[in-house]
Student: 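Handing you a structure now.
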Amino acid sequence: MDEPLRGLRRIPQGLHGERRAPLNLDAASGHLVSGRIDSAFALATRAVHDGLRLRSGRVVERARAFRRAFVSTTPPGIVPDFDTLLHDAYL
């Protein structure tokens, strides 16, 4: 299991990706508000991967809105990785 997600309740894997991705983004937003940056971006990354796999522009746009909600002068390492993932979504 990913270190940032250790001990968190998992969103059921049996859900179809179209339902799981928005739930992951909602959970990520909650973690972001709580200050759990690593787990927030780990969940958002999973959502983006699901969105890309399903070719869902809606999920990717929600992930972009999630990213815009976080501002930091010294973001943790997972944030630039997330930025790269979003950038590559259009390439």
Side-chain angles (χ1 to χ4, degrees):
M1 181 184 295
D2 298 331
E3 185 62 33
L5 300 178
R6 188 175 306 274
L8 300 178
R9 209 177 264 193
R10 306 274 309 219
I11 293 176
Q13 293 299 312
L15 287 178
H16 190 271
E18 288 179 21
R19 292 186 59 207
R20 187 175 54 240
L23 288 175
N24 274 331
L25 285 170
D26 289 342
S29 295
H31 286 271
L32 190 61
V33 169
S34 300
R36 293 178 289 201
I37 308 304
D38 287 340
S39 60
F41 278 90
L43 285 167
T45 297
R46 285 185 180 178
V48 171
H49 283 297
D50 281 341
L52 292 174
R53 184 175 46 80
L54 297 166
R55 299 177 187 248
S56 173
R58 183 176 293 175
V59 170
V60 174
E61 287 307 314
R62 280 192 62 193
R64 288 184 189 285
F66 165 82
R67 174 57 182 97
R68 286 190 299 269
F70 178 71
V71 178
S72 174
T73 56
T74 57
I78 195 167
V79 176
D81 295 341
F82 186 76
D83 290 343
T84 301
L85 178 63
L86 287 178
H87 179 266
D88 291 347
Y90 277 126
L91 299 180

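Numbers for residues simply follow the sequence, beginning at 1.
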Student: Assess whether a salt bridge exists between Asp26 and Arg62, defined as any Lys/Arg side-chain N lying under 4.0 Å from an Asp/Glu carboxylate O.
Tutor: yes
Student: Can you sort out the partners of Pro75 under side-chain contact (heavy atoms from CB on, under 4.5 Å), two or more places apart, ordered by chain and number?
Tutor: Phe70, Ser72, Val79
Student: Grab the two heavy atoms, one from Ile78 and one from Ala42, that are nearest each other, plus how far apart they are.
Tutor: CD1-N, 3.7 Å
Student: Show me the pairs that pass salt bridge (charged side-chain N to carboxylate O under 4.0 Å, His left out) and involve residues 65-82, at least two apart or across chains.
Tutor: Arg67-Asp83
Student: As an exercise, state the distance from OG of Ser56 to CZ of Arg58, rounded to the nearest 0.5 Å.
Tutor: 7.0 Å
Student: With side-chain contact (heavy atoms from CB on, under 4.5 Å) as the test, pick out the partner of Val59 among Asp50, Leu25, Val48.
Tutor: Leu25
Student: Suppose we screen for salt bridge (charged side-chain N to carboxylate O under 4.0 Å, His left out). Which residues come up paired with Arg64, at least two apart in sequence or across chains?
Tutor: Glu61
Student: Taking all non-hydrogen atoms of both residues, which atom of Phe66 and which atom of Ala44 are closest, and how far apart?
Tutor: CE2-CB, 3.5 Å
Student: Test of understanding: with side-chain contact (heavy atoms from CB on, under 4.5 Å), list the residues that count as partners of Thr45, not counting sequence neighbours.
Tutor: His49, Phe82, Leu85
